[in-house]
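Since the structure comes first, as structure tokens, the remarks are kept for the end.
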Amino acid sequence: MSGFLLNRFSQSIVLLVIVSMIGFTVLNFMPGGPLAQFGLDPGMTQKDIERLAEQLGLNRPLWIQYFDWAWRLVQGDWGHSFRDGAPVLAVIGRHLFATLLLMGTSTSLAIAIGSWIGIRSATHRYSLFDYCATVGAMVALSVPTFWFGLIGIYIFTLKLGWVPAGNMYTIGDGSVLDYLHHLILPSLVLSLVHVAIWSRYMRTATLDALSQDFVKTARAKGLSERRILLKHVVGNALLPMITLAGVQLPSILTGALVTETIFTWPGMGRLFLDSLGYSDYPMVMGLLIFSAILVVLGNLVADVLVAFVDPRIRLS
């Protein structure tokens with residue numbers, strides 16, 4: 001087991017290094033470079049920009065800049081924002097809770113609803129419910145997230161007035177119920193696509209488990225279908241779903257970026273777009289690396305959970 005964990009951890013470190021190299025190179029080769037925002041200031045001359053580049057070390061070879069940035073990153077110095085000079089890690093920390101709240105809620109909804117739809121579709125194969133679930137999943141996967149968000153705002157906010165159109169809380173309130181009231185629509189919009197994905201995967205995994213010999217043996221012993229489903233089928237069907245939860249993390253982060261922008265949710269996704277528009281390269285790189293760390297940790301935890309749950313993987 002220790003060898004398995006060590007192997008996964010070493011792979012995660014290598015992946016983070018590769019992601020950081022690609023991200024650092026792409027950002028530095030974008031038009032205007034890291035100092036593009038300063039070039040828009042009419043009071044900045046070319047000599048001022050060159051002097052600023054020298055002060056920030058941006059006139060050095062790219063590989064030296066990368067290793068200097070990576071070394072400071074390891075030491076906990078993630079740089080300072082070009083916008084207000086605030087430490088990058090502190091700014092990310094202020095927006096982290098909002099993103100984790102939105103992602104956690106939408107993921108929980110997607111797993112619960114998607115698993116129920118998938119299991120029911122498998123146990124009622126080729127029924128009206130199964131066909132409707134299939135069509136619904138195809139529609140959810142085909143329509144962009146931002147369209148669902150705009151339609152949700154139009155129907156449930158402008159027409160019905162049930163939920164707020166955006167923000168995380170009402171200024172002057174900030175109670176738990178107020179947070180939940182603002183969370184309803186963004187979390188439902190973000191979870192729609194993942195409900196479709198989970199339902200399809202869960203349907204396939206449940207059908208595969210139902211065709212196994214141990215299910216036939218349980219039926220031969222006279223066990224009820226309900227007991228077979230809950231005790232033998234669901235547990236085995238959920239094993240690949242643990243891995244899927246880790247694999248879906250990048251998609252959830254991407255969806256959160258769009259959802260946070262539509263609903264003006266003060267999370268890391270909205271911060272990333274704002275920083276990108278301002279050419280705040282230290283903040284963009286910090287968010288990129290932090291997101292990569294979240295994804296890698298999520299996949300690592302999923303792999304460890306699968307290894308603990310499934311003895312075949314643990315013993316191998």
Side-chain angles (χ1 to χ4, degrees), residues 1 4-5 7-8 11 103-143 145 148 187-255 295-316:
M1 187 63 184
F4 172 81
L5 295 177
N7 183 39
R8 285 290 187 268
Q11 290 177 4
M103 289 178 55
T105 306
S106 61
T107 302
S108 300
L109 288 173
I111 292 175
I113 300 174
S115 297
W116 178 80
I117 293 175
I119 293 172
R120 183 170 176 81
S121 296
T123 55
H124 296 75
R125 194 177 183 185
Y126 302 134
S127 65
L128 179 61
F129 180 88
D130 188 23
Y131 286 123
C132 290
T134 302
V135 173
M138 295 302 104
V139 171
L141 291 171
S142 303
V143 178
T145 303
F148 281 124
S187 59
L188 286 176
V189 168
L190 182 57
S191 64
L192 273 177
V193 174
H194 304 288
V195 166
I197 295 173
W198 269 82
S199 65
R200 295 294 88 196
Y201 275 99
M202 194 63 188
R203 179 183 185 275
T204 302
T206 304
L207 287 174
D208 180 67
L210 286 171
S211 64
Q212 299 299 317
D213 290 336
F214 61 83
V215 174
K216 298 176 182 178
T217 302
R219 284 171 176 161
K221 289 181 177 179
L223 296 180
S224 65
E225 289 294 323
R226 180 181 177 84
R227 186 175 181 184
I228 293 173
L229 182 66
L230 296 177
K231 188 175 181 180
H232 300 284
V233 175
V234 174
N236 285 275
L238 283 175
L239 282 177
M241 298 298 104
I242 299 176
T243 304
L244 178 64
V247 174
Q248 285 294 306
L249 271 177
S251 176
I252 296 173
L253 273 172
T254 305
V295 171
V296 167
L297 284 178
N299 281 277
L300 186 62
V301 170
D303 288 340
V304 172
L305 286 176
V306 171
F308 273 112
V309 173
D310 193 345
R312 296 170 298 179
I313 298 177
R314 184 172 66 250
L315 296 176
S316 64

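None of these values were measured; they are calculated from a predicted model.
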So which heavy atom on [X] is nearest to which on [Y], and how close?
| X | Y | answer |
| --- | --- | --- |
| V215 | A209 | CG2-O, 3.1 Å |
| Y126 | Y131 | O-CE1, 3.3 Å |
| A122 | L207 | O-CD2, 3.6 Å |
| A237 | A205 | O-CB, 3.5 Å |
| S199 | A137 | OG-CB, 4.3 Å |
| V295 | P250 | CG1-CG, 3.7 Å |

Test item: [X] and [Y] side chains (from C-beta on) under 4.5 Å apart, heavy atoms:
| X | Y | result |
| --- | --- | --- |
| Q212 | V233 | no |
| H194 | I111 | no |
| S191 | I113 | no |
| L141 | M138 | yes |
| D130 | R125 | yes |
| L223 | H232 | yes |
| I117 | M202 | no |

Atom OH of Y201: over 12 foreign heavy atoms under 6.0 Å
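Open.
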Exercise. In terms of heavy-atom contacts, does CZ of R227 have more than 12 from other residues, nucleotides or ligands at under 6.0 Å?
Worked result: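 No - once you tally the heavy atoms of other residues, nucleotides and ligands closer than 6.0 Å, there are 12 at most.
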Quiz item: S115 side chain to A112 main-chain N or O, any donor-acceptor pair under 3.5 Å?
Solution: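 No; zero donor-acceptor contacts below 3.5 Å.
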Q.
Any side-chain to backbone donor/acceptor pair from T107 onto G104? Under 3.5 Å, distance only.
A.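 A pair under 3.5 Å: no.
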Run the side chain to side chain contact (heavy atoms under 4.5 Å, CB included) check on L238 and I242 step by step: do they pass?
CA-CA 7 Å; L238 283 175; I242 299 176; 5.6 Å; no
**Prompt:** Once you round to the nearest 0.5 Å, how far does CG of L210 lie from OG1 of T123?
**Reply:**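 With rounding to 0.5 Å, CG (L210) is 8.0 Å from OG1 (T123).
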Q. Between CG of L249 and CE of M103, what distance do you get to the nearest 0.5 Å?
A.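 Nearest 0.5 Å value for the CG-CE distance: 5.5 Å.
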